[in-house]
Every structure is written in C-alpha cells, then in structure tokens.
Amino acid sequence: MQGYYLPRKIQGQIEARLADFPVVAVLGPRQCGKTTLVRETVGSLPGVVYLDLERPSDLNKLRDPELFFSLQRSQGTASLFCLDEIQRIPEIFPLLRSLADEERRNGQFLLLGSASRDLLRQTSETLAGRITYLELTPFLASEIPKDDPGAIPRLWFRGGFPRSFLAASDESSRAWRESFTRTFLERDIPQLGFNVPAATLHRLWRMLAHLHGQTLNSSQLGAALGVSHTTVRSYLDLLTQTFMVRLLEPFAANTKKRIVKSPKVYLRDSGILHSLLQIDSLDNVLAHPVCGTSWEGLVIENVIAALPGWQAGFYRTSDGAEIDLILERGRRRIAVECKASTAPAVSRGFWSALDDLDIEEAWVVAPVAEVYPIRERVRVTPLRALVDHVANA
C-alpha cells in the first residue's frame with residue numbers, strides 16, 4: 001500500500017488559512033505526512049517555491065535568505081514559499097516578518113515543522129498577528145478507508161504514521177517503527193539543539209510506555225533514571241513538544257470532592273507504544289495488560305483532534321468517581337469513557353462522575369459495530385461514529 005495517498009482532514013483548512021493569513025505553519029511529528037499533504041494541497045499551483053531544509057542544496061540557497069527571496073519575487077514567478085523543517089533555521093523568523101509586511105498580502109509563506117509551537121515560541125513571537133498554526137497528526141480514524149473492516153484494528157495496532165499504517169505487513173510496520181524510534185532519538189533530538197543522552201531518553205520513553213494511561217509521578221521516574229524530578233519534567237516537555245507524549249491534565253471541576261491533581265501520561269501514537277513494549281501483533285495487544293489503556297489513548301487522540309479548541313481533561317476523585325475524558329466548550333460538556341471490549345460495562349464510579357459533573361452527553365467508545373444506548377444520555381459507540389458525530393455537531 002506504500003505510495004497510496006489518503007486525503008487528510010486539514011487539507012481544506014490549509015487552503016482557507018492561506019487565504020486569511022500571510023504565514024501558515026503546519027506542525028506535527030516527523031514522518032506524519034506533512035510534506036505529502038502540502039504537495040497534494042499546493043504543489044500544482046503556479047508560483048510555489050518549495051525548499052526542504054534538510055536537503056543541503058536547499059539549505060544552501062538560504063545562506064543569504066533576503067537575497068534569495070528578493071530574487072525569486074523580482075522574477076514575478078514566486079507567490080508562495082514552502083519551507084519544510086523550519087525548525088532547522090529559527091533565525092529566519094524576523095526576516096519573514098519583514099517580508100510579510102512588505103507585500104501586505106495573505107498566502108506568502110507555508111511553514112512545516114516537527115516541533116510544537118511552544119518549542120518554536122522564542123523565535124516565532126516576531127510573527128505574532130501574521131501567523132496561524134495547524135497541527136497534523138498521524139492518520140486518524142476519520143481519515144482511513146470506511147469500507148475496510150480491518151482498518152480500525154490496523155490503526156490501533158500499527159498506529160497512524162503513514163509508513164507504519166500502510167506497510168505491506170505487520171512485520172514491515174514493526175521494522176519501520178523501530179527505525180523511527182532510533183532516528184528520533186539519535187538524529188532528530190540533537191538537530192533540535194538538545195543535548196540529551198539517547199539511551200536515557202529511550203529508557204524514559206519505555207518507562208512511559210509501561211505507565212501509559214496512568215497518573216504521572218516525576219519523582220519516581222527520576223529515581224528510576226537516576227536524575228532529578230525537574231530533569232524528568234524537562235525530558236517530558238521535550239517529548240510533549242515533539243508530539244510523542246501527551247500529558248492529559250485533570251479536569252477543573254467545580255465540586256467539593258477531592259480530585260486527583262497529577263496529569264495522566266499517554267504515548268500519542270498507539271503503534272509507537274506497542275513497539276516500545278515489544279508487542280508484535282494485535283492478538284498480543286489484546287492479551288497484554290496495556291490493552292485497555294492502549295485503546296483509551298487511541299480514542300483520546302482521535303476525539304481531541306476532532307474538537308480543536310475544546311478544553312480536555314480527565315476526571316478522577318479519591319472516592320472512585322472517574323471518567324477517561326471530559327471535553328468542554330462554553331456551556332457544552334461531553335464525557336467519553338473508553339472500553340476495549342465488544343460488550344463494554346462501566347463502573348459505579350462512571351455513573352457517580354456523571355452526576356458530579358452534571359453531564360448530559362456521554363459516550364462509551366468500544367470496538368463495536370453500531371451505536372446503541374445503555375441508559376438515558378449515555379450511548380455505546382464505535383470510534384469512527386463518535387468522531388463523525390462530534391466533528392459535525
């Protein structure tokens with residue numbers, strides 16, 4: 001299936017943002033399909049100049065960036081510059097501001113980066129008011145073939161990175177994910193300017209895989225690694241800002257009950273999670289203790305991606321009330337519980353949490369074939385059906 005292009009949900013958003021902003025940045029992890037997406041979106045348009053800043057010949061063109069852009073514009077053939085892996089030359093942001101202000105039009109620069117907005121903040125602050133950000137994730141449930149009954153199980157096991165999901169076999173997918181992990185630790189992190197021992201970060205990453213879906217205890221992780229808890233948090237920030245890890249904060253509820261205050265930690269891609277845990281088949285996922293939280297992480301990533309701009313968190317109290325994911329925007333509040341079972345059953349703590357938070361819309365996401373109610377205001381649903389529902393609500 002390599003070479004097969006799956007349309008991405010944010011493709012239309014890129015086109016719309018280019019019409020509204022001088023600079024558009026598409027951020028996401030390495031190998032998630034940013035370059036392919038942009039080539040499909042603007043590659044056939046006239047006046048597009050594309051530079052891959054990991055290619056020495058393209059990087060060399062920007063030894064004098066002001067001269068390069070001026071010459072391209074003076075020829076009258078360049079209307080949009082696409083700069084891929086922009087984190088390689090953060091010093092260019094002040095110049096981009098000047099160039100954007102000079103022409104005073106939208107759709108001048110399309111930037112692709114493998115580091116989050118927070119990681120680029122120090123250098124991108126100069127573009128305030130001129131730049132808008134979009135995040136591209138690995139494949140989501142809403143982007144894979146609906147007519148393939150094996151697509152969701154394959155997405156769960158292999159994860160959403162295109163070369164992993166579209167691999168010819170599970171063995172090829174596993175080999176790609178192992179190679180990705182090594183490259184990320186040994187090349188990508190140093191290129192971002194961080195002097196972190198690859199072996200230490202790999203140990204932490206594997207420890208986080210074993211803690212997937214659990215509350216974070218930085219002190220315990222630091223003791224196991226032989227570093228301080230503040231060092232652990234700096235490493236976690238790095239993994240978070242490179243889209244490898246999500247720290248899901250507790251939901252800030254107005255309740256008198258004692259609420260768990262530590263965040264929960266998730267590896268954002270289920271395929272990378274399974275690779276780090278050396279799980280080599282979906283059958284082995286189903287038999288592994290991580291099965292439930294692996295499914296939980298997959299659901300959380302898909303739902304959060306479908307509801308950008310919503311506040312997301314989990315709810316857990318000291319007396320056992322718990323919901324995996326709460327999403328809130330304005331007066332609307334949605335509860336999502338994740339169950340890796342075709343006959344899902346929820347606990348008493350789930351019903352208690354619904355009452356605590358006065359939830360009127362709750363979903364139990366499970367590997368089932370259709371949507372059905374289990375009680376008033378609560379429905380069991382397949383993952384794709386929930387994503388379609390919340391995205392269109």
Side-chain angles (χ1 to χ4, degrees), residues 1 29 31-32 137-145 148-182 184 202 204-215 239 243-246 248 264-305 314 324-325 336-347 363-369 380-387:
M1 296 179 70
Q31 301 293 317
C32 73
T137 67
F139 286 144
L140 299 167
S142 56
E143 296 174 323
I144 60 179
D148 180 359
I152 294 295
R154 186 162 65 252
L155 178 70
W156 183 14
F157 169 60
R158 296 185 179 183
F161 282 95
R163 288 185 176 273
S164 178
F165 178 77
L166 297 173
S169 66
D170 284 350
E171 174 59 27
S172 297
S173 170
R174 181 195 60 79
W176 183 88
R177 282 176 277 138
E178 289 181 351
S179 175
F180 172 85
T181 301
R182 287 194 301 270
F184 175 81
H202 188 240
L204 174 61
W205 210 357
R206 291 195 63 183
M207 291 167 67
L208 294 174
H210 286 280
L211 295 173
H212 181 83
Q214 300 181 36
T215 53
L239 290 172
F243 306 97
M244 294 296 107
V245 166
R246 180 184 296 280
L248 186 66
K264 290 170 71 173
V265 60
Y266 294 92
L267 271 64
R268 292 190 59 173
D269 183 76
S270 57
I272 299 299
L273 168 69
H274 300 150
S275 177
L276 290 169
L277 294 175
Q278 299 180 323
I279 302 174
D280 57 8
S281 71
L282 182 58
D283 287 343
N284 287 340
V285 173
L286 298 175
H288 197 279
V290 81
C291 176
T293 53
S294 172
W295 175 257
E296 183 180 318
L298 177 70
V299 172
I300 286 172
E301 285 302 312
N302 276 269
V303 175
I304 289 178
F314 72 96
D324 294 330
L325 180 64
V336 178
E337 185 74 1
C338 312
K339 296 294 180 183
S341 169
T342 55
V346 294
S347 67
W363 302 82
V364 179
V365 187
V368 295
V380 174
T381 178
L383 173 58
R384 200 196 308 261
L386 174 61
V387 170

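Keep in mind that the numbers below use all heavy atoms, side chains included, and drop hydrogens, waters and symmetry copies.
- Using modelled atom types, one finds a donor on one side chain and an acceptor on the other under 3.5 Å when comparing Ser173 with Arg177.
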N/O donor to acceptor pairs below 3.5 angstrom from side-chain atoms of residues 286-293, sequence neighbours left out:
{"residue": "His288", "atom": "ND1", "partner": "Val290", "partner atom": "N", "Å": "3.0"}
{"residue": "Thr293", "atom": "OG1", "partner": "His212", "partner atom": "O", "Å": "3.3"}
{"residue": "Thr293", "atom": "OG1", "partner": "Val290", "partner atom": "O", "Å": "3.2"}

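- Contact check on Glu296 versus Lys264 returns a salt bridge, with a Lys/Arg side-chain nitrogen under 4.0 Å from an Asp/Glu carboxylate oxygen.
- Contact of the Ser341 side chain with the Trp295 side chain is not registered, since no non-hydrogen atoms from C-beta on lie closer than 4.5 Å.
- Interatomic distance, NE2 of His202 versus OG1 of Thr181, reported as 6.0 Å (0.5 Å rounding).
- Rounding to the nearest 0.5 angstrom, the gap separating the CG atom in Leu248 from the CG atom in Asp324 is 9.5 Å.
- Expressed to the nearest 0.5 Å, how far CG of Asn284 lies from CG of Leu277 amounts to 11.5 Å.
- How far CG of Leu298 is from SG of Cys338: 9.0 Å, rounded to the nearest 0.5 Å.
- In this structure, the side chains of Phe243 and Asp269 stay at 4.5 Å or more apart for every pair of heavy atoms.
- Among the candidates Leu273, Leu239, Leu211, the single residue satisfying the side-chain contact (heavy atoms from CB on, under 4.5 Å) test with Leu267 is Leu273.
- Applying the side chain to side chain donor-acceptor pair (under 3.5 Å) criterion to Ser142, with sequence neighbours excluded, gives no partner residue.
- When every heavy atom of Leu386 is checked against every heavy atom of Thr381, the shortest pair comes out as N-OG1, 3.5 Å.
- Taking the six-membered ring where the residue is Trp, the centroids of Trp176 and Phe165 are separated by 6.0 Å or more.
- Atoms CD1 and CG, from Ile152 and Asn302 in turn, are 7.0 Å apart once rounded to the nearest 0.5 Å.
- Counting heavy atoms from C-beta outward, Arg384 and Ile144 have side chains that approach closer than 4.5 Å.
- Under the rule for a side chain to side chain contact (heavy atoms under 4.5 Å, CB included), the partners of Glu178 that lie at least two apart in sequence or sit in another chain are Arg174, Arg182, Ser275.
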